[in-house]
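Read the numbers this way: they start at 1 and go in the same order the structure lists the ligands and their atoms.
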Amino acid sequence: MNWNKESQQIIKGVDNANKLLGKEMMVEGSFPIKIPMEFFNLIDLTNPDDPLLKQVSPVINEGEIQFKKDPLDDNQFSSIPGLIHKYKNRALIIASRSCSIHCQYCFRKNFEYKVHDIFSNLEEIVSYLKSHIEIDEVILSGGDPFTLSDEKLKKIIDPINDIPHIKTIRFHTRTLVVIPDRIRSGLVDYLKSIRLNIVIVFHINHPNEIGSKFINFINELEDFRLLNQSVLLKGVNDKPETLKALSIKLFEIGILPYYLHLLDEVEGSEHFFISEKDAKSIHKNLQKLVSGYLVPRLVKDENLESKTWK
Ligand code: SF4
């Protein structure tokens with residue numbers, strides 16, 4: 001499969017999105033519209049409240065609450081551009097500036113990616129990792145690491161694979177879900193060939209996002225640890241029954257629910273907000289519906305490692 005060709009089948013901009021939707025549903029927001037066709041095809045176009053459509057539709061905030069541009073301010077943990085070292089045993093690399101989809105609630109939508117160009121700083125980052133023997137896990141995030149070509153990924157991973165104290169490499173990705181053909185692009189053979197343990201953390205919020213192509217291709221990742229993180233979003237997955245359906249569907253294809261994040265309070269996501277009290281109640285009700293291993297940990301920014309590592 002030609003990954004680059006597939007990746008070009010992406011809807012960009014309000015006009016193109018509205019044309020495909022057949023009506024003026026989308027507006028210009030603070031985060032440009034970007035929807036892969038694979039994801040778009042899973043939207044129920046007859047339903048204006050479709051949970052997938054909601055995630056990619058900008059909403060002009062007319063409410064009283066106004067969230068911040070950069071609620072996490074990860075820059076404070078970055079001594080080298082492209083690397084964030086916040087927790088002792090693990091460091092995160094901003095592997096890519098780009099995502100295959102634009103989620104309107106994204107906490108990184110205003111992140112200064114230009115400052116964190118990995119390829120201008122790769123040597124320095126690798127030296128840092130070598131000299132910090134307490135780091136045993138490296139997380140490739142972004143953006144989305146799988147928006148990079150295999151060649152670029154190898155440029156990052158190969159030197160990390162040569163550092164003996166690093167045991168695990170973790171990928172945070174939505175690309176493999178929204179463009180499943182990316183799984184079948186020679187990538188898996190390369191990942192199987194390296195020494196490191198591989199953990200892939202998907203980002204799936206609703207069971208409808210798990211399409212038949214992703215289900216068909218997921219077996220190719222069976223040698224790796226597969227986890228999922230979701231963001232709890234009002235109107236998308238704020239019913240315990242929806243989360244139950246998501247957990248069961250994930251489990252059926254070999255992915256364990258890992259984290260359920262409270263929303264980061266980033267501008268343009270105000271309409272997705274769920275209070276901590278309501279989130280705890282939803283989570284508690286989910287615990288009554290599924291076995292413990294199918295209940296993701298409910299986490300929020302201050303006390304949560306993965307928030308920064310998303
Ligand atoms: S970083 Fe994650 S949440 Fe943000 S746009 Fe990319 S896939 Fe969506």
Side-chain angles (χ1 to χ4, degrees), residues 7 10-13 17 26 29-40 42-43 51-59 67-75 82 84 92-116 118 139-148 170-180 182-183 200-206 208-211 214 227-234 236-237 246 255 258-273 296 299-301 304 306-310:
S7 69
I10 289 182
I11 305 159
K12 289 183 182 170
M26 296 265 188
S30 59
F31 200 27
I33 291 167
K34 188 174 185 185
I35 316 167
M37 273 315 288
E38 202 79 45
F39 187 90
F40 186 84
L42 297 171
I43 294 172
L52 276 56
L53 183 63
K54 280 192 165 177
Q55 295 179 54
V56 292
S57 302
V59 167
F67 290 162
K68 288 183 188 168
K69 263 187 174 317
D70 183 4
L72 292 191
D73 189 19
D74 278 349
N75 280 322
I84 298 173
L92 179 141
I93 289 177
I94 307 287
S96 168
R97 299 175 184 187
S98 161
C99 278
S100 302
I101 184 169
H102 281 179
C103 316
Q104 293 298 322
Y105 53 84
C106 176
F107 77 101
R108 284 251 168 88
K109 63 182 165 188
N110 299 312
F111 190 70
E112 289 183 82
Y113 284 111
K114 274 190 193 149
V115 178
H116 291 272
I118 166 87
I139 298 154
L140 296 194
S141 182
D144 192 313
F146 292 125
T147 56
L148 295 175
R170 191 196 319 172
F171 299 89
H172 284 179
T173 183
R174 196 143 158 81
T175 292
L176 300 190
V177 184
V178 298
I179 308 181
R182 180 65 181 104
I183 298 173
I200 299 177
V201 183
F202 299 102
H203 172 179
I204 305 171
N205 298 318
H206 191 280
N208 292 2
E209 289 169 47
I210 302 174
F214 181 64
L227 305 170
N228 184 60
Q229 55 185 351
S230 309
V231 181
L232 187 59
L233 300 166
K234 190 172 180 181
V236 172
N237 57 4
L246 174 61
I255 303 173
Y258 174 43
Y259 277 135
L260 178 61
H261 297 272
L262 265 76
L263 180 75
D264 282 311
E265 300 183 0
V266 66
E267 68 170 11
S269 70
E270 292 84 355
H271 58 293
F272 288 122
F273 178 73
V299 285
K300 71 176 273 198
D301 186 24
L304 162 67
S306 69
K307 206 59 170 176
T308 305
W309 303 142
K310 189 165 174 276

N, O or S from His102 under 2.8 Å to atom 4 (Fe) of ligand 1: no
Donor-acceptor contact present, side-chain Lys12 to main-chain Pro32, <3.5 Å: no
So does Phe107 get a backbone contact from the side chain of Asp264, meaning a donor-acceptor N/O pair under 3.5 Å? no
Report the part of Lys109 (side chain from C-beta onward, or backbone N, CA, C, O) that has a heavy atom under 4.0 Å from ligand 1; answer both or neither where that applies. neither
Just to check, does Ile101 reach to within less than 4.0 Å of ligand 1 when the distance is taken from its heavy atoms? yes
Using heavy atoms and a 4.0 Å limit, tell me yes or no: is Arg108 in contact with ligand 1? no
At their closest point, which heavy atom of [X] faces which heavy atom of [Y], and how far apart are they?
{"X": "His116", "Y": "Gly82", "result": "ND1-N, 3.0 Å"}
{"X": "Glu270", "Y": "Phe67", "result": "OE2-N, 2.9 Å"}
{"X": "Asn205", "Y": "Ser230", "result": "OD1-CA, 3.3 Å"}

Against heavy atoms of [X], which atoms of ligand 1 measure under 4.0 Å?
{"X": "Cys103", "result": "3 (S), 5 (S), 7 (S), 8 (Fe)"}
{"X": "Arg174", "result": "7 (S)"}
{"X": "His203", "result": "2 (Fe), 3 (S)"}

Output yes if Cys99 passes the N/O/S-under-2.8 Å test against atom 6 (Fe) of ligand 1; output no otherwise. yes
Flag if over 12 foreign heavy atoms under 6.0 Å of NZ, Lys34: yes
